[in-house]
Amino acid sequence: MLVSAQEMLTKAKAGKYAVGQFNINNLEWTKAILLTAQELNSPVILGVSEGAGKYMCGYKTVVGMVNGMLEELKITVPVALHLDHGSYEGAKACIEAGFSSVMFDGSHYPIDENVEKTKELVAICKEKGLSIEAEVGAIGGEEDGVVGTGECADPDECKMIADLGVTMLAAGIGNIHGKYPENWAGLSFETLAAVQEKTGTMPLVLHGGTGIPEDMIKKAISLGVAKINVNTECQLSFAAATRKYIEEGKDQSGKGFDPRKLLAPGFEAIKATVKEKMELFGSVGKA
Ligand code: 13P
């Protein structure tokens with residue numbers, strides 16, 4: 001059964017580790033992530049962007065697929081199904097469809113409007129027992145064609161949003177989605193520490209988990225990050241393994257182009273990436 005992310009994040013925060021959010025795009029990714037979490041006895045959050053939701057035939061299809069897998073694969077570790085960077089309407093649609101967690105990304109609104117809309121969604125999620133993530137300070141890079149500029153969040157604005165009763169808060173600290181440029185200045189630990197100081201025990205979320213050096217990940221966790229999002233790294237490993245398989249001509253083995261064979265190396269690559277991240281984040285054995 002899907003669970004809210006509340007309990008797993010409270011435990012992560014207390015135990016000084018982070019739960020990974022891995023974005024899903026299709027059946028293979030979802031299965032690879034769930035099986036790895038189960039094998040490593042780790043809690044996990046499945047992230048779904050609005051674009052990926054559309055690609056997978058809508059939120060109801062995603063809920064049906066994930067719930068089916070939890071049962072058929074006998075998954076017993078805590079799993080949250082979470083809307084990633086949701087709009088106000090998207091968050092409502094996911095709540096309706098059966099997601100156990102949503103992110104409302106109101107970071108592009110003026111702060112008062114972000115507060116208003118977050119407040120309304122917090123009330124709905126509270127009533128239904130769902131977890132909710134809010135964002136302050138845009139996270140840079142490109143996601144689903146939307147390019148953010150990347151900025152450091154204002155700690156006072158973070159407090160305003162945290163005080164609304166959100167479960168977790170994504171605060172921009174110089175992190176960006178996708179690959180980091182050569183001249184990237186690194187994470188602003190000063191901002192992270194200031195945000196945590198203002199928000200007390202609020203679990204903080206680090207977006208753009210791909211390509212952040214290990215020492216920075218560990219330091220971010222020590223300063224209050226309890227959830228780390230990874231998407232691009234799974235895309236890269238999936239694509240590389242699939243490409244290699246095709247280039248080696250193995251999918252032309254006389255059986256035609258069996259999709260189950262074609263996607264198998266990518267499936268294994270995602271499992272390996274997820275395992276590596278769970279070990280780094282410290283969530284192994286914490287289910
Ligand atoms: P990356 O694509 O950089 O791993 O970021 C994922 C993310 O933050 C999803 O919200």
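All values derive from a computational prediction rather than experimental measurement. All residue numbers refer to positions in the sequence shown, counting from 1. Just so you know, ligand 1 is whichever comes first in the structure, and atom 1 is the first atom listed for that ligand.
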How far apart are the closest heavy atoms of Gly211 and Glu233, and which atoms are they?
N-OE1, 3.5 Å

Going by the order shown, which atoms of ligand 1 are within less than 4.0 Å of some heavy atom of His207?
8 (O), 10 (O)

Is there a side-chain contact between Ile75 and Met69 in this structure, where contact means two heavy atoms from C-beta onward sitting under 4.5 Å apart?
no

Please confirm whether Lys286 makes a cation-pi placement over Tyr17, using NZ or CZ under 6.0 Å from the six-membered ring centre and within 45° of the ring normal.
yes

Answer yes or no: is there a side-chain heavy-atom contact under 4.5 Å between Met202 and Cys158?
no

Where on Asp84 is there a heavy atom closer than 4.0 Å to ligand 1, on the side chain, on the backbone, on both, or on neither?
side chain

Minimum non-hydrogen distance to atom 4 (O) of ligand 1, winning option of Asn229, Asn23, Ile228, Thr210:
Thr210

Which ligand 1 atoms are under 4.0 Å away from a heavy-atom of Thr232?
1 (P), 2 (O), 3 (O), 4 (O)

Distance under 6.0 Å and angle within 45° of the ring axis: does Lys277 meet both against Phe22?
no

Say whether Gly178 and ligand 1 are in contact under the criterion: heavy-atom distance to a ligand atom below 4.0 Å.
yes

Please work out which of the three classes, parallel, tilted or perpendicular, describes the rings of His207 and His177, given edges at 30° and 60°.
perpendicular

At under 4.0 Å between heavy atoms, is it the side chain or the backbone of His85 that contacts ligand 1, or both, or neither?
side chain

Quick check on contacts: which atoms of ligand 1 are under 4.0 angstrom from a heavy atom of Val230?
4 (O)

